[in-house]
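Worksheet for the structure shown next.
Just so it is clear: chains get the letters A, B, ... in the order the sequence lines come, proteins before strands, and each one is counted from 1. Quick note: numbers below take in every heavy atom, side chains included, and nothing from hydrogens, waters or symmetry partners.
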There are 2 protein chains.
Amino acid sequence: MQDITGLELSPKKVEYLKFLFKKGGLVRTTDISTQLQVDPSTSTKTIGDLAGTGLVEHIPYRGVRLTETGLKYAEFLVNRHNILSLMLSHYGLSAEEACKETSRFESLVSKAAVDKICTSMGHPMTSVCGKIRHVSCGVP
Amino acid sequence: MQDITGLELSPKKVEYLKFLFKKGGLVRTTDISTQLQVDPSTSTKTIGDLAGTGLVEHIPYRGVRLTETGLKYAEFLVNRHNILSLMLSHYGLSAEEACKETSRFESLVSKAAVDKICTSMGHPMTSVCGKIRHVSCGVP
DNA sequence: CAAATATGTTGGCCATATGCCAAACATATG
DNA sequence: CATATGTTTGGCATATGGCCAACATATTTG
């Protein structure tokens, strides 16, 4: 179960999962396309890919929802985002800058590194862009 | 001249430029393919792309060399790598870990962010993986 | 110096990730 | 139930990165 590296998903797919997590419940593919600013057909296709990984469940014409595995994974993704943004904000980047910057590269930062950063920062509870839940963050 | 965002090049091309910078002078495409562990034909092709951007000059069957522009840009790339690695090393990552981690995502970190991080760290002269030259690092 | 060997390049082809458009299809509403 | 709206499918396109086999160029050596 803890064999996740954090590098499983491509940048866009990370966005999808984070959005599904924040939205919660059954989400329409159109909501996703609106949010991520892509064509509805694009979100449908990408959701198809994600469904293939078992992270989401797609009920055609109804919507998408995170599976149990997907939920845990998405939680890690959101925490990673928040931890990295918080780190950057310590170097003079504004909340918005940090958040935007992180969004660009977060998909390439390993869970191992995030865990160390998190530990080093003393497991903060809040970041510049949201709360942090210390579940998937390994050792203390 | 200072309109670089730091996001101009794809990950692999960043690796190529950093290698050319470190090696210096005329570099054989085969050296590149050995170093980056790709087929020689792959390095030749990628070098062709880079030549199209004006960052390198390719003399067929002879080698590749950074242009003046390429040299300055590569210096930024190396500095970015070093600054980011140094930052990560402050969070409990070993030199090797920091360096490896940085290599994965560095191409997606903007010059604007790097400049702020650099300033915030007080313009350090050395990192965990090499010296830092404060030329392309903007304001103090 | 020419033949043999080593090195480098080209062309063809493949895979992944993303994306759009138009057409088909399903669902919801009046 | 007919039409409007929402969703999916299929076709196609781009960018990045990669391999192999065939060809071109250099270098080495007899």
Side-chain angles (χ1 to χ4, degrees), chain A residues 5-20 23 25-66 70 73 77 103-109, chain B residues 5-20 23 25-66 70 73-74 77 100 103-109:
Chain A
T5 64
L7 308 174
E8 291 77 6
L9 296 185
S10 63
K12 272 292 168 182
K13 296 200 175 77
V14 167
E15 282 190 62
Y16 279 66
L17 249 73
K18 287 196 300 173
F19 178 65
L20 289 174
K23 198 93 193 300
L26 196 61
V27 181
R28 319 226 70 158
T29 55
T30 308
D31 286 357
I32 301 175
S33 70
T34 302
Q35 178 69 20
L36 304 195
Q37 307 206 72
V38 295
D39 192 276
S41 66
T42 300
S43 58
T44 299
K45 267 186 197 169
T46 306
I47 286 300
D49 291 349
L50 283 171
T53 70
L55 292 170
V56 308
E57 176 194 14
H58 183 203
I59 304 152
Y61 297 101
R62 291 292 166 181
V64 204
R65 135 175 55 230
L66 290 168
Y73 194 72
L77 296 183
S103 297
R104 222 182 296 111
F105 69 81
E106 59 187 343
S107 71
L108 298 168
V109 181
Chain B
T5 64
L7 309 175
E8 294 73 8
L9 295 184
S10 64
K12 272 292 168 184
K13 297 201 174 76
V14 167
E15 281 192 63
Y16 279 66
L17 249 72
K18 287 196 301 173
F19 178 65
L20 290 174
K23 198 94 193 300
L26 196 62
V27 181
R28 319 226 72 161
T29 55
T30 308
D31 286 357
I32 301 175
S33 69
T34 303
Q35 178 69 20
L36 305 195
Q37 306 204 74
V38 295
D39 192 275
S41 66
T42 300
S43 59
T44 299
K45 267 184 199 174
T46 305
I47 285 301
D49 291 348
L50 282 172
T53 70
L55 293 169
V56 309
E57 176 193 16
H58 183 204
I59 303 152
Y61 298 101
R62 292 291 168 181
V64 205
R65 136 176 51 231
L66 290 169
Y73 194 72
L77 296 182
K100 193 174 167 194
S103 297
R104 222 182 294 110
F105 69 81
E106 59 187 343
S107 72
L108 297 168
V109 181

(request) Produce a footprint string for nucleotides 18-30 of chain C: one letter per nucleotide, 5' end first; B if the base is under 4.0 Å from any protein heavy atom, S if only the sugar-phosphate is, - if neither. (result) SBBB---BSSS--

(request) Starting from C1' on D:dA15, measure out to CG on B:L50 and report it in whole angstrom. (result) 14 Å

(message) Is the phosphate of C:dT10 approached by B:T44 (side-chain N or O, under 4.0 Å from OP1 or OP2)?
(response) no

(request) Taking only the side-chain nitrogens and oxygens of B:T29, find out if one of them lies under 4.0 Å from OP1 or OP2 of C:dT7. (result) no

(message) Tell me the interatomic distance from B:I32, atom CD1, to C:dT7, atom C1', rounded to whole angstroms.
(response) 14 Å

(message) Between A:V27 and A:L66, is there a side-chain heavy-atom distance shorter than 4.5 Å?
(response) no

What pairs of donor and acceptor atoms, side-chain ones from residues 58-65 of chain A against any protein atom, are under 3.5 angstrom apart with sequence neighbours left out?
none

(message) Less than 4.5 Å apart, side chain to side chain, heavy atoms only: is that true for A:L77 and A:Y16?
(response) no

(request) Please report, rounded to the nearest Å, how far the P atom of D:dT16 is from the CG atom of B:L7. (result) 13 Å

(request) Answer whether the closest heavy-atom distance between the side chains of B:L55 and B:L9 falls below 4.5 Å. (result) yes

(message) A quick test of your reading: do over 12 heavy atoms of other residues, nucleotides or ligands sit less than 6.0 Å from NZ of A:K18?
(response) yes

(request) Would you kindly give the CD-to-P distance between B:E8 and D:dA15, to the nearest whole Å? (result) 17 Å

(request) With the side chain counted from C-beta on, respond yes when B:I32 and B:T44 share a heavy-atom pair under 4.5 Å apart, and no when they do not. (result) no

